[in-house]
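First listed ligand is number 1; within each ligand, the first listed atom is number 1.
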Amino acid sequence: MSFDLPPQTTTPLLGLGFSVPDKQSLADYYVGKSLNQVRTPRLVVDRAVVKRNCERLGAIAKRQNVKVRVHVKTHKTIEATAIELESANTDAIVVSTLAEAFYMIQSDLVKSGLLKDVLLGLPISPDKFDDLFTLADQVETISIFIDHDQTLDALETYYRQRFGEDTNVKVNVFFKVECGNARAGAAIHNEDSLALARRLVSSPILNVKGLYTHAGQSYACRDTETAIAALQSERDAAIAYQAYLRENGIQIEACSIGATPTVMAAGLADPSVLQGVTELHAGAFAFMDRQQVATSLAADADVAITVASRIASRYPERRSILLDAGALAFSKDPAPQGGFGEIVGKEHWKLNKVAQEHGVVTEVPLEDFADAPVGKLYQVRPNHCCLTAACYEFFLVVEGGEQIVDVWVPVRGW
Ligand SMILES: Cc1ncc(COP(=O)(O)O)c(C=O)c1O
């Protein structure tokens, strides 16, 4: 079916004057300083913890005998991607924006052979096809999600305009299906999805790489048993759907499932739990946060990032302390433990209110004020690492202590 294509849009990273901050200039200024010498708020990444988390991910995949695909949207940096690929022993990533795709593909990660396989982790809107085909020439494999007929209509129309009747160039596609998260993905066991799956596997321009589900619902788990059950239920839904497709003459062999809580659960579950699954994917795993601690599968010590912030003022009469970091430093994402973050070493303080640049700590015991002068620096464990990291143009990197050893620059925008 022909589709009325929208105009093609461009990733601003490509020659429109938009670029990321210069790492070298930032490193020249920050490396060697201690956290107490830098302007706050600022995101601090403990590289040793990132590495340990990614090694854990690699060990889980090895134990379960599956491939890993790391979602780099959590940090959007080349350095953390390199750690993930090396430590988790993979060459495959998911990105959530084309800016991330360009940034990673045009970095040394591809040249060095570390990165070979990129998946755009959001169903692609048809204004972005030009950039998709530009990227396809720069990396071994780039794949997209399709979960709706119209996307395929649009792609086929675009493809015909670009390549005519020639079908030599194949577009790699994962069939994104919904197994409990109700965010993206086609409904399973539904006539329209079955028709779409049939179109996908019979299209001469597509190479169908597998089913893909994402268990975002597993963030609600509060113990190992429910996390293993969530993993099992996602796996069962995906594998049952694969079997249903097969009964209807549609072969989609590979199956990629996961989210950080269920991937952590896979580290504890019997290997049979993943029977039929070929790939696990995780993103927040690299950084972790209070939401992951709330699942009970990660500990405070696994959280690799904190927000460095200072006491801007103090109000003993209302047992309150004001931080120089607010919603633009922490994000407004909640965590089951309450508050907008947790102050390391002062876990009994409550960061209960944030405005744009204000963080309001309440319930501070009177005796704590003696050691809490204005200007004092604290590190705050964030609720959701992806959203908190997204607040910063660059990250200060430490390795266990307070001394800055590197600066990582994420890519921003779309
Ligand atoms: C498509 C897709 N895959 C994988 C992930 C990784 O999930 P998590 O960060 O829970 O590991 C996400 C996160 O939103 C996602 O959207």
Side-chain angles (χ1 to χ4, degrees), residues 50 53-54 56-58 60-61 66-77 80-81 84 87-88 90 92-98 100-101 104 117-125 142-147 151 172-186 209-221 227 230-231 234-235 238 254-267 277-298 302-305 331 333 335-336 382-390 414:
V50 174
N53 290 343
C54 296
R56 177 179 174 192
L57 180 59
I60 291 170
V66 289
K67 194 177 164 181
V68 167
R69 184 179 288 274
V70 288
H71 203 319
V72 304
K73 75 177 177 122
T74 303
H75 48 80
K76 303 181 189 240
T77 68
T81 304
E84 289 180 313
S87 304
T90 181
I93 65 172
V94 196
V95 296
S96 51
T97 67
L98 281 164
E100 287 164 42
M104 301 307 164
D117 182 340
V118 177
L119 165 65
L120 183 57
L122 198 81
I124 188 167
S125 64
I142 185 155
S143 313
I144 56 170
F145 283 157
I146 293 186
D147 68 0
T151 309
N172 297 304
V173 169
F174 278 91
F175 184 27
K176 177 85 196 299
V177 291
E178 195 276 318
C179 290
N181 191 23
R183 190 172 62 177
K209 290 185 63 76
L211 285 184
Y212 191 105
T213 72
H214 171 60
Q217 70 276 17
S218 63
Y219 277 58
C221 296
L231 174 69
E234 185 191 18
R235 179 260 168 209
C255 182
S256 182
I257 73 168
T260 291
T262 50
V263 169
M264 288 192 285
V277 170
T278 49
E279 183 179 271
L280 282 176
H281 43 252
F285 211 109
F287 278 2
M288 302 289 193
D289 50 34
R290 291 179 83 214
Q291 290 184 351
Q292 299 302 336
V293 172
T295 68
S296 87
L297 291 143
D302 298 324
V303 180
I305 62 167
S331 90
D333 253 21
N383 286 352
H384 183 188
C385 54
C386 307
L387 267 290
T388 302
W414 295 267

If only atom types and distance count, is the side chain of D302 paired as donor or acceptor with the main-chain N or O of N53 below 3.5 Å?
no
Say whether, by atom type as modelled, one donor and one acceptor occur between the side chain of R290 and the main chain of P382 under 3.5 angstrom.
no
Report all protein residues having a heavy-atom distance below 4.0 Å to some atom of ligand 1; order the list by chain, then number.
H71, K73, G121, F145, R183, Y212, H214, Y219, A259, T260, H281, A282, G283, A284
Rounding to 0.5 Å, atoms CD1 (I60) and CZ (F285) come to a distance of 4.0 Å
Counting only N and O atoms by type, is there a donor-acceptor contact under 3.5 Å from the side chain of T388 to the main-chain atoms of H384?
yes
Do T260 and Q292 pair up side chain to side chain, a donor and an acceptor below 3.5 Å, judged on atom types alone?
no
Checking side chain to side chain contact (heavy atoms under 4.5 Å, CB included) for the pair V95/L119: CA distance, chi angles, key distance, verdict?
CA-CA 6 Å; V95 296; L119 165 65; over 6 Å; no
